[in-house]
Amino acid sequence: MTGAHQTLALLLFSAFVAVTLAITTWVSRNRRGSAEEFYAGGRLFSPMENGFAIAGDYASAASFLGVPGLIALFGYDGVLYVVGFLVGWLVVLFLVAELVRNCGRFTLADVVAARMSERPVRIAAGTSSVTVSVLYLVAQMVGAGSLVALLLGHTSGAAQAWTVIGVGALMVIYVSLGGMRATTWIQIVKAVLLLGGTIALTALVMVRFHGDLDLLLLTAAERSGHGDAFLAPGLKYGGDWTARLDFISLGLALMLGTGGLPHILSRFYTVPTARAARHSAIWSIGLIGGFYLMTIVLGFGAAAIVGPHAVQGANAAGNTAVPLLALDLGGGADSTGGTVLFAVVAAVAFATILAVVAGITLASSASVAHDLYASLRRRSAPRRGEVAVARAAAVGIGVVAIALGLLARDLNVAFLVGLAFAVAASANLPVLLYSLFWRGFTTRGAVWAVYGGLIPALGLVVLSPVVSGSPDSLFPGVDFQYFPLQNPGIVSIPLGFLAGWLGTVTSAEPPDAAKHAETEVRSLTGAGAV
């Protein structure tokens, strides 16, 4: 890229960083220092504000960079990610949002621990939440590295490494200083920027094709080199039965994983009531639905205008399709319009990555402090000490995410997020649904549900083509691939539910009918909710 691209994009990105750091500094001076302030922003956000924040949290680098890239490379099969991401919100709206807000306080473990023995349940749920969060963070780090490599024209590992380290440092600052309130306002600002940029690019794509969607699709198919197969199922997932099962596995993970994502669940605690939580979910569905529909246009637009070969040439996984599309729509690499539009899209993508990593880091540090640390030292550590631990945990989680992000920098970010969704659907969703709806659920069932989904999900990923046995794997030089699918959801999700059932029916502990009745009334009416 030219020096003008680099300078303008870095100036815009620096402006966003300056604004968000100013928000964080202002919030840190006005905070009360309580756990409720740090974890839930004082529960002072309106449904509309929280809806925008949820949209900002959910529309990650996987959505803005990875999904259009997959559509540009694989056509119809890339659109399947959009379907999965959207359908997952129905689970959140009807089964999760209100009930979680009524039963919990700060984290997923609060909901489960309301009727179980707290210590083992909090340790299990906290471990699972941190694992899901770290996997999700890795995807954002990979997106950051890909974007900066394109922006600065450096594809060396050192350039990407310093980018990932910089993003990690900023996310630690946001979380440790500002907590949930600063993170929420950063998400709102980012959501407005992202939606505005996506609307502008979508409009320019449609103008280029005179508003004719058929012409856009036909041109994309023609330039893809696959013809009509580009617009039909099977280009990525239809080669054989293994590929088809992989698609089913991915679909299950995307549809069920949203309801188990820690950083999404924690957002429902930032509003004052369960009704506000439901309205937040409705706002977010509208915003996210519109955004994902536009990513379909951007993906096919990148295939039709830039071409899959150019997209893949810039980044093998397709993560740079949208910036390249913006460059072309603005008039090309040497034009002022192309320079400006590319810089704006690059800055928005950076803002997306920074905002999402801040939200995920906050959720995972809350799990470490409120669930893991507080379970071990609840009586000897005051609540203020718990918040200090959360800030320290943000640093440790950031270091782990940076290291893994450097290792996985050649994988598609949407694919990486699919793995995080699979773990969330396997470990978090079973224990959450059983706790809310099964009268006979016990502590052993809760612990088994978490580990019965978490361990198989991680184990199958390690034994899959993602890690070894293929040229595109993390360790292409070795082969310990024994599980043929890239996404473990089709096996690990049923195992999570099965383990929860098995642990309950084999438990000597009788279910606490009184606590279940209390949880049921609280979840449905809000009586006694924090």
- Could you tell me which non-hydrogen atom of Ala220 sits nearest to which non-hydrogen atom of Ala304, and how far apart they are? N-CB, 3.7 Å
- Query: Going through the distances and angles, do Glu49 and Ile188 end up as a side-chain contact (heavy atoms from CB on, under 4.5 Å)?
  - Reply: CA-CA 7 Å; Glu49 290 169 344; Ile188 292 171; 4.0 Å; yes
- Query: Mind checking whether Ile305 and Phe209 have side chains closer than 4.5 Å, heavy atoms only?
  - Reply: yes
- Item | Validation row, ring centre Tyr58 to ring centre Phe291 under 6.0 Å | no
- Hey, what do you get for OG1 (Thr183) to NZ (Lys190), rounding to the nearest 0.5 Å? 12.5 Å
- Rounded to the nearest 0.5 angstrom, the CZ-SG distance for Phe268 and Cys103 is 14.0 Å
- Query: Taking Arg101 for the side chain and Pro272 for the main chain, is one N or O donor matched with an acceptor at less than 3.5 Å?
  - Reply: yes
- Just by distance, do the side chain of Thr320 and the backbone of Pro323 share a donor-acceptor pair under 3.5 Å? no
- Beyond-backbone contact of Ser364 with Val134, side-chain heavy atoms, under 4.5 angstrom: no
- Taking all atoms of both residues into account, what is the closest heavy-atom pair of Ile54 and Ser284, and its distance? CG2-CB, 3.7 Å
- Determine, step by step, whether Ser129 and Asn428 satisfy the side-chain contact (heavy atoms from CB on, under 4.5 Å) criterion, reporting the C-alpha distance in whole Å, the side-chain angles of both residues, the deciding distance to 0.1 Å, and the verdict. CA-CA 7 Å; Ser129 295; Asn428 290 351; 4.1 Å; yes
- Query: Does the side chain of Val83 come within less than 4.5 Å of Tyr292's, by heavy atoms?
  - Reply: no
- Task: Quick one: pull up CG in Leu454 and OG1 in Thr131 and give me the separation to the nearest 0.5 Å.
- Result: 5.0 Å
- Task: With the side chain counted from C-beta on, respond yes when Thr107 and Asp110 share a heavy-atom pair under 4.5 Å apart, and no when they do not.
- Result: yes
- Rounded to the nearest 0.5 Å, the CG atom of Leu261 sits from the CZ atom of Phe421 at a distance of 4.5 Å
- From CZ (Arg267) to CG (Asp57), nearest 0.5 Å: 5.5 Å
- Message: Please give me the minimum heavy-atom distance between Leu298 and Leu201, naming the atom from each residue.
- Response: CD2-CB, 3.6 Å
- Of the non-hydrogen atoms in Asn487 and Ala422, which two are nearest, and what is the gap between them? OD1-CB, 3.4 Å
- Message: Applying side-chain contact (heavy atoms from CB on, under 4.5 Å) to Val19 and Trp185, what does each step give before you reach the verdict?
- Response: CA-CA 11 Å; Val19 169; Trp185 282 112; over 6 Å; no
- Query: Closest heavy-atom contact between Ser367 and Gly126?
  - Reply: CB-O, 4.1 Å
- Query: When rounded to the nearest 0.5 angstrom, what is the spacing between OG1 in Thr258 and CZ in Phe85?
  - Reply: 7.5 Å
- Query: Stepwise, does the side-chain contact (heavy atoms from CB on, under 4.5 Å) test hold for Gln187 with Phe52?
  - Reply: CA-CA 7 Å; Gln187 299 285 14; Phe52 269 89; over 6 Å; no
- Query: How about Val423 and Leu419: do any of their side-chain heavy atoms sit closer than 4.5 Å?
  - Reply: no
- Query: Does Tyr269 reach the side chain of Val100, with side-chain heavy atoms less than 4.5 Å apart?
  - Reply: yes
- Minimum heavy-atom separation for Leu194 to Ala59, with atom names? CD2-CB, 3.5 Å
- Query: Is there side-chain contact between Thr198 and Phe64, with heavy atoms separated by less than 4.5 Å?
  - Reply: yes
- Close side-chain approach of Ile123 to Asp371, heavy-atom, < 4.5 Å: no
